[in-house]
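Shown next, in structure tokens, is the structure this report addresses.
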Number of protein chains: 2
Amino acid sequence: MPLGQRVADKIMAVIEEEMDKAGAQKMITPVLHPLELWQETNRTVSTGYELMKVKDRRGAEFALGGTAEEMFVDLVRRFKLSYKDLPLNLYQFSTKFRDELRARGGLLRVREFVMKDAYSFDRDEAEFKTTYDLMAKTYTRIFERLGLKTQMVEADNGYIGGEYCHEFVTETPAGESKYFTAGDYCAHEEVAKCVFENMNADEAVKPFKIIDQPEWVQTMRDFKKHYGEPEWRYLKNIVYKNRVTGQIVIANIRGDLEVNPVKLAHAVNMAGLLEPAEEKDLKKLGTKRGYVHSWGHKGVIYAADNSLKTVNNFIGGQKEAATDSFNVNYGRDFKAGIEADIALAKAGYLAENGQKLVEKKGSEVGNIFQLGYHYTNLMTGSTFAAKDGSQKKYYMGCYGIGIGRSLQTIAEIHHDDKGIIWPDSVSPYQVYLINLQTDGEKVYEALMTAGVEVLWDDRAEVSAGVKFADADLIGIPVRLVVSPKTGDKIEWKKRDEKKTELVEIEEVPDRCRKD
Amino acid sequence: MPLGQRVADKIMAVIEEEMDKAGAQKMITPVLHPLELWQETNRTVSTGYELMKVKDRRGAEFALGGTAEEMFVDLVRRFKLSYKDLPLNLYQFSTKFRDELRARGGLLRVREFVMKDAYSFDRDEAEFKTTYDLMAKTYTRIFERLGLKTQMVEADNGYIGGEYCHEFVTETPAGESKYFTAGDYCAHEEVAKCVFENMNADEAVKPFKIIDQPEWVQTMRDFKKHYGEPEWRYLKNIVYKNRVTGQIVIANIRGDLEVNPVKLAHAVNMAGLLEPAEEKDLKKLGTKRGYVHSWGHKGVIYAADNSLKTVNNFIGGQKEAATDSFNVNYGRDFKAGIEADIALAKAGYLAENGQKLVEKKGSEVGNIFQLGYHYTNLMTGSTFAAKDGSQKKYYMGCYGIGIGRSLQTIAEIHHDDKGIIWPDSVSPYQVYLINLQTDGEKVYEALMTAGVEVLWDDRAEVSAGVKFADADLIGIPVRLVVSPKTGDKIEWKKRDEKKTELVEIEEVPDRCRKD
């Protein structure tokens with residue numbers, strides 16, 4: 001709507017100014033992406049679940065762009081650039097489409113939204129690192145100007161590809177992102193690393209044995225009830241499936257921990273492809289819930305969490321209904337094909353730096369990705385002429401800011417119980433003018449002529465009380481009132497202060513610039 | 001690309017300024033339109049051939065917006081406005097999609113483009129006329145500021161609906177729009193009206209007769225060869241079909257004239273639905289090409305052009321192969337169900353005001369439409385609370401400007417054989433700075449600090465000649481050169497003038513503002 005549009009425009013103006021300052025160039029690519037480009041990078045599969053497609057009258061297929069790596073690589077490779085043209089950083093503000101399972105959170109997760117997305121093309125990794133740092137600083141500065149203090153949080157790159165990425169997150173209890181800090185370390189829940197100390201290193205390793213087990217003992221709760229041991233003493237197995245190939249992956253983890261499916265997917269090289277297995281998958285495997293075993297199922301990829309090395313003499317399940325295994329020791333009795341940190345981090349767990357993880361919540365407003373050669377390896381001809389005359393692949397990165405997300409987060413951070421308190425930099429207008437029992441036209445014209453952005457509440461049929469309440473709700477930083485009481489002067493009140501002052505109308509433009 | 005984007009941004013800024021001045025409010029609606037809205041207005045049928053559709057993961061269908069009447073009416077009806085909120089004029093800049101049969105003309109007709117579209121909501125026709133006039137003046141002013149002289153040309157409203165509309169056309173031989181002027185009258189070829197004088201009023205009406213005809217006489221050319229009479233003497237029948245219902249329409253017209261399918265479609269109330277009939281349609285009718293008759297085919301709608309009243313004693317065809325009809329007189333021997341002006345206008349024909357039509361070519365850059373109650377009749381609940389307490393339907397109009405079209409037309413109008421000559425108002429930069437055998441950095445910084453938009457050609461490896469040629473090609477209004485020859489001063493040259501001057505660097509900002 002009009003007021004929100006003005007805020008969005010101001011947000012985009014700040015982003016544009018800072019991106020231009022950083023040497024990036026604005027342009028635009030189409031919303032309709034030829035599907036062939038997405039096939040070149042296999043992303044029709046890896047993002048299949050949220051890609052919207054459309055066919056034209058001739059039957060050609062297009063994806064509605066949700067991110068534009070392929071489009072920019074395709075553009076740049078057509079231009080046959082040389083090392084002299086680099087580094088190059090191109091960006092756009094464009095409408096993006098993501099067919100989300102659950103659109104939610106107001107403007108936070110929607111299926112159609114405007115994003116600033118930038119794509120950098122560097123000569124090599126060293127040059128890229130400079131670009132990445134520059135973008136990190138530029139983002140911090142952009143969000144500062146928008147009134148948002150942000151933290152750079154290590155994050156998962158999802159289907160974007162590349163080796164590392166960071167989210168810019170504003171801490172707020174209303175945020176949808178859960179992340180952890182531990183000293184300098186700051187990482188999103190999806191990727192947060194954790195290490196575990198030995199639970200019972202002093203306990204002697206005992207001989208493996210199979211014991212009888214009552215039929216009712218199936219879940220972790222049953223185990224605890226029956227054996228009376230703490231949760232860490234048990235072996236836990238969680239079954240996942242690659243949703244494209246059907247490959248079964250069994251994660252082995254300490255009984256008191258949970259599996260982080262994102263970390264697991266990376267560990268088994270199936271980013272974006274894992275989903276929980278269903279009963280029918282277990283059936284195919286010749287088993288069922290409660291009887292999955294930590295080793296020995298055929299055709300399965302086993303991935304063991306590092307925590308298995310912190311316990312001596314686990315109690316484990318068996319494939320059979322009537323037995324359990326005792327004194328199971330990782331490395332002696334079984335060993336998974338993949339060993340990795342696949343545990344879900346929680347507050348109080350230890351980070352790699354030895355400090356305890358502190359849980360935070362926040363709203364993600366931007367993100368930056370190293371892409372490296374991910375796209376330029378997959379898309380033939382994505383090269384530039386190097387100084388030595390050879391053709392070299394571009395080293396890439398990409399950088400996004402959601403406009404609606406930023407707008408909503410600013411409102412979330414800057415408000416009180418009466419309404420929004422817009423920062424000056426993004427307020428839809430500079431002043432909210434109210435006239436009471438007097439003509440406001442002259443004042444309005446004078447302020448407009450002086451270049452002040454005025455929202456004039458000239459409603460005749462509405463009471464002073466309603467106007468004051470609406471002024472607070474809308475949240476323009478300055479409220480001006482003219483009435484018989486104010487005489488030749490005008491009442492000046494800042495949205496975030498209680499005091500009012502009478503000032504000369506001529507002072508208003510200067511005060512707006514200063515305040 | 002970046003330079004074009006800067007021009008597009010400046011075009012949009014001019015449009016925004018003038019629309020805001022006219023009291024319109026900017027906002028944005030989604031690209032994905034729920035298909036139900038288009039079903040409410042039957043436009044899934046009437047624009048079916050260029051509507052792109054997409055299904056989401058739940059199977060809900062959306063149209064990719066090509067125009068947004070339904071979206072804005074739906075928005076406004078949710079707000080339950082009163083007469084106090086009117087008139088209301090809302091606009092957006094948004095990406096539009098039209099699955100054109102033939103995309104062509106560079107940026108003129110493309111399948112994805114950015115359009116400024118506005119929608120006005122008035123209390124009644126009288127109030128709307130004021131809005132329509134204001135928009136006409138606003139458009140003229142916008143295009144003037146963009147360096148385009150425009151004419152307001154009566155046009156066809158296609159599938160938009162309503163009773164009248166105007167295109168804003170810039171005259172240029174490269175244009176794709178053919179239109180006619182005759183004194184004050186100015187109309188697009190698709191709707192241009194024409195009147196015809198009597199060809200042989202002094203010739204006595206003779207008795208109708210059927211004569212033998214050699215089998216080879218089938219086309220208009222054969223007729224002329226066989227009978228040796230001028231083309232106007234023959235009756236011509238052209239067959240069309242409603243592409244949704246299959247209804248056959250036969251247009252009867254004087255042999256020297258052509259049918260205007262747009263005027264015909266309006267005459268038979270099938271706007272946007274007629275297409276030429278194919279051989280198989282004629283077969284169903286029990287006839288074939290060359291044997292279609294001016295009357296007597298069953299289940300057919302006949303539409304006769306007014307020109308049939310200007311000839312006595314036509315020569316007409318017959319349904320049979322071996323005969324023709326002589327002395328056919330309209331009104332005596334046959335009469336069509338519909339009589340209308342359905343002839344295609346040509347240069348030299350008479351307009352209704354008695355003046356001869358002059359043919360012009362131009363590029364359409366904008367259009368304004370009266371919509372009246374077209375949408376508010378079809379979309380239930382599109383009403384406001386009137387002063388008397390009753391619910392009244394909005395009286396509507398809509399107003400479009402294509403950004404890419406405008407950009408391309410400006411370049412078409414403002415160029416010479418060396419390249420573009422951008423008007424100051426839309427030039428991507430204010431000055432093009434070239435440094436030769438000297439450092440340009442200091443000058444660049446000084447100009448940037450003074451707020452001048454500088455494109456600095458700092459290429460080291462490129463000759464002066466190439467830089468000068470590129471400066472002319474890109475077409476920035478002012479070229480600045482610093483070299484050992486210019487000393488402390490700088491060479492100033494306007495793109496559209498030959499002379500160069502040496503000026504102080506400090507003068508440049510002021511000169512940019514003035515020139």
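Numbered from 1 within each chain, the chains take letters A, B, ... in sequence-line order.
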- Query: Most heavy-atom pairs under 4.5 angstrom with chain A, which of V54(B), V31(B), T29(B)?
  - Reply: V31(B)
- Item | Flag if over 12 foreign heavy atoms under 6.0 Å of NZ, K21(A) | yes
- Task: Among the options E461(A), Q92(A), R459(A), pick out the one with the most heavy-atom pairs lying under 4.5 Å from chain B.
- Result: E461(A)
- Message: Taking the side chain as everything from C-beta on, heavy atoms only, tell me whether R111(B) gets closer than 4.5 Å to L32(A).
- Response: no
- Message: Rounded to the nearest 0.5 Å, what separates atom CG in D20(A) from atom CZ in R6(B)?
- Response: 6.5 Å
- Taking atom CE of M1(A) and atom CE of M27(B), what is their separation to the nearest 0.5 Å? 5.0 Å
- Query: Tell me, do I28(B) and Q5(A) make a side-chain contact under 4.5 Å, heavy atoms counted?
  - Reply: yes
- How about residues 113-122 of chain A versus chain B: which residues have heavy atoms under 4.5 Å apart? none
- Residue Y91(A) versus chain B: region with a heavy atom under 4.5 Å: neither
- Given that the side chain runs from C-beta out, which part of L3(B) has a heavy atom under 4.5 Å from chain A: side chain, backbone, both or neither? neither
- Task: Could you tell me whether K55(B) atom NZ has more than 12 heavy atoms of other residues or ligands within 6.0 Å of it?
- Result: no
- Query: What part of F79(A) is in contact with chain B, defined as an atom under 4.5 angstrom from a non-hydrogen atom: side chain, backbone, both or neither?
  - Reply: side chain
- Does some side-chain heavy atom of D9(A) sit less than 4.5 Å from a side-chain heavy atom of E16(B)? yes
